[in-house]
**Q** 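Dropping a structure here in structure tokens format, bear with me for questions.
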Amino acid sequence: MNRPLIFISNDDGIEARGLEHLVRIAVQHGDVIVGAPDSPQSAKSSALTANAPLEVKSHPSIDGAQVYSITGTPVDCVKVSMHALLDRKPDLVLSGINHGSNAAVNNIYSGTMGATMEGCILGIPSIGFSLLDHSMKADFDPLTPFIDEIIGHVLAKGLPEGICLNVNFPTECTPKGMKVVRAAKGYWTEEYADYTTPHGKPFYWLTGKFHNEEPDNPDTDEYWLAREYGTIVPIRPDQTAADKIDAIKEIIS
């Protein structure tokens with residue numbers, strides 16, 4: 001009970017190398033319990049499973065961490081673990097390390113950030129980590145000292161109420177440092193490719209390109225990631241536009 005309790009999930013699934021790498025860092029800071037999807041769950045955002053049972057399976061320990069897979073989404077994993085696997089509230093929730101970017105608008109779709117925001121909603125300091133590399137053979141070693149330091153700082157100092165962190169790292173380099181910034185404004189274009197089955201029926205496959213509306217703005221995550229820096233974006237799960245309440249009253253009245 002003297003060591004911090006750290007809960008870890010992800011959206012790439014229980015077999016992902018990024019998850020294992022994060023666990024091996026986190027066990028240096030506290031007791032770790034992993035509850036991750038039994039299969040890849042990318043782009044599930046904050047989806048829940050409402051009409052199917054959720055099963056939990058035990059896996060071999062990773063450096064002393066207890067490891068479980070769950071048949072559900074990343075948010076399911078957080079919720080089920082809080083209910084069935086943890087005997088006390090964690091001191092920290094971690095998600096990742098995701099294989100691929102969750103910078104800019106991607107954090108909205110991300111299962112990695114879905115799990116992170118679920119921890120935040122529960123009042124637990126929560127951090128999502130991502131590397132801009134989709135390969136399952138991605139090299140996470142250059143990220144280790146940065147992740148180690150971020151975990152240490154958040155365990156020691158906490159986070160502001162209602163705030164979690166979206167942390168992204170550039171690929172194929174050792175980051176030059178870290179920048180605390182906002183998410184870049186942008187959108188996806190050419191999102192689907194058109195195909196036809198051998199029987200002549202059309203179908204569509206998700207693809208697309210991200211269009212950054214402000215590529216030269218140093219206030220944004222995409223700007224610094226392109227320059228080989230890691231980025232930290234504070235995220236607020238409460239999406240209420242409180243500053244626009246009076247404006248909406250005027251429109252409605």
Side-chain angles (χ1 to χ4, degrees), residues 7 9 11 41-51 72-80 82-83 89-96 98 100-130 150 153-154 157-168 178-192 204 206 208-226 230-253:
F7 173 75
S9 192
D11 73 358
Q41 298 287 318
S42 294
K44 290 298 177 71
S45 188
S46 292
L48 287 168
T49 300
N51 298 307
T73 69
V75 169
D76 287 330
C77 290
V78 176
K79 287 183 170 293
V80 170
M82 298 296 167
H83 174 76
K89 188 175 182 178
D91 299 284
L92 184 65
V93 168
L94 304 177
S95 186
N98 185 63
S101 173
N102 279 320
V105 72
N106 294 311
N107 84 85
I108 294 174
Y109 308 113
S110 165
T112 300
M113 290 309 298
T116 305
M117 287 193 282
E118 186 64 26
C120 186
I121 290 168
L122 296 173
I124 305 166
S126 301
I127 313 168
F129 293 102
S130 301
I150 291 169
H153 283 317
V154 173
K157 302 174 185 178
L159 290 173
E161 183 178 356
I163 297 295
C164 55
L165 302 181
N166 180 16
V167 181
N168 283 269
M178 301 297 300
K179 298 288 184 178
V180 181
V181 290
R182 66 169 173 83
K185 296 177 182 178
Y187 55 89
W188 284 88
T189 64
E190 304 172 25
E191 291 191 73
Y192 292 92
Y204 310 95
L206 184 65
K209 301 174 183 178
F210 178 72
H211 174 74
N212 185 357
E213 291 187 310
E214 43 184 351
D216 299 320
N217 190 335
D219 293 335
T220 68
D221 51 7
E222 291 282 354
Y223 177 92
W224 289 108
L225 288 164
T231 59
I232 303 172
V233 176
I235 298 292
R236 181 181 284 115
D238 179 3
Q239 298 180 37
T240 305
D243 61 323
K244 299 301 179 183
I245 289 176
D246 288 340
I248 298 304
K249 285 181 179 178
E250 286 292 322
I251 293 171
I252 298 303
S253 63

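All residue numbers in this chain count up from 1 along the given sequence. This one's a predicted model, so the numbers in the text were calculated from it and none came from an experiment.
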**Q** Determine the minimum heavy-atom distance between Met178 and Thr231, stating which atoms define it.
**A** CE-N, 3.8 Å

**Q** Any donor and acceptor pair, going by atom type alone, linking the side chain of Trp224 with main-chain N or O of Pro218 inside 3.5 Å?
**A** yes

**Q** Could you report the tightest heavy-atom contact between Asp219 and Val181, atom names first, then the distance?
**A** O-CB, 3.2 Å

**Q** Passes side-chain contact (heavy atoms from CB on, under 4.5 Å), Leu206 versus Tyr192? Steps please.
**A** CA-CA 5 Å; Leu206 184 65; Tyr192 292 92; 3.7 Å; yes

**Q** Once you round to the nearest 0.5 Å, how far does OG of Ser45 lie from CE of Met117?
**A** 5.5 Å

**Q** Calculate, to the nearest 0.5 Å, the distance between atoms NZ and CD belonging to Lys244 and Glu250 respectively.
**A** 13.0 Å

**Q** For Glu222 and Ala103, work out which heavy atoms get closest and say how close.
**A** OE2-CB, 3.8 Å

**Q** To the nearest 0.5 angstrom, please state how far the CD1 atom of Ile127 sits from the SG atom of Cys164.
**A** 9.5 Å

**Q** For Glu214 and Asn212, which heavy atoms make the closest approach, and how far apart are they?
**A** N-OD1, 3.0 Å

**Q** Does a donor on one side chain and an acceptor on the other come within less than 3.5 Å for Thr112 and Asn98?
**A** yes

**Q** Just to verify, which of Thr116, Ile150, Asn166 counts as forming a side-chain contact (heavy atoms from CB on, under 4.5 Å) with Phe129?
**A** Ile150

**Q** Less than 4.5 Å apart, side chain to side chain, heavy atoms only: is that true for Lys185 and Asn217?
**A** no

**Q** Side chain of Ser253, backbone of Lys249: donor and acceptor closer than 3.5 Å?
**A** yes

**Q** How many angstroms lie between atom CG of Asp221 and atom OG of Ser101, to the nearest 0.5 angstrom?
**A** 7.5 Å

**Q** Mind checking side-chain hydrogen bond (donor to acceptor under 3.5 Å, both in side chains) for Lys44 and listing every partner two or more places apart, or none if nothing turns up?
**A** Gln41

**Q** Give a yes or no on this: more than 12 heavy atoms of other residues, nucleotides or ligands lie within 6.0 Å of atom CZ of Arg182.
**A** yes

**Q** Can you check whether Asp238's main-chain N or O pairs, donor with acceptor, with Thr240's side chain at less than 3.5 Å?
**A** no

**Q** Check for a donor-acceptor pair, side chain of Asn107 on one end and backbone N or O of Ala104 on the other, with a separation under 3.5 Å.
**A** yes

**Q** Regarding Thr73 and Asp76, is there a side-chain donor-to-acceptor distance under 3.5 Å anywhere?
**A** yes

**Q** How close do Pro237 and Ile121 get, counting heavy atoms only, and between which atoms?
**A** CB-CG1, 4.0 Å

**Q** Once you round to the nearest 0.5 Å, how far does CD1 of Ile108 lie from OG of Ser46?
**A** 11.0 Å

**Q** Atom CD of Glu118 and atom CD1 of Ile124: how far apart are they, to the nearest 0.5 Å?
**A** 9.0 Å

**Q** Can you tell if the side chain of Asn168 reaches within under 4.5 Å of the side chain of Asn106, non-hydrogen atoms only?
**A** no

**Q** Just wondering, do Val93 and Met82 contact through their side chains at under 4.5 Å, heavy atoms?
**A** yes

**Q** Which pair of non-hydrogen atoms, one from Asn102 and one from Ser130, has the smallest distance, and what is that distance?
**A** ND2-OG, 2.9 Å

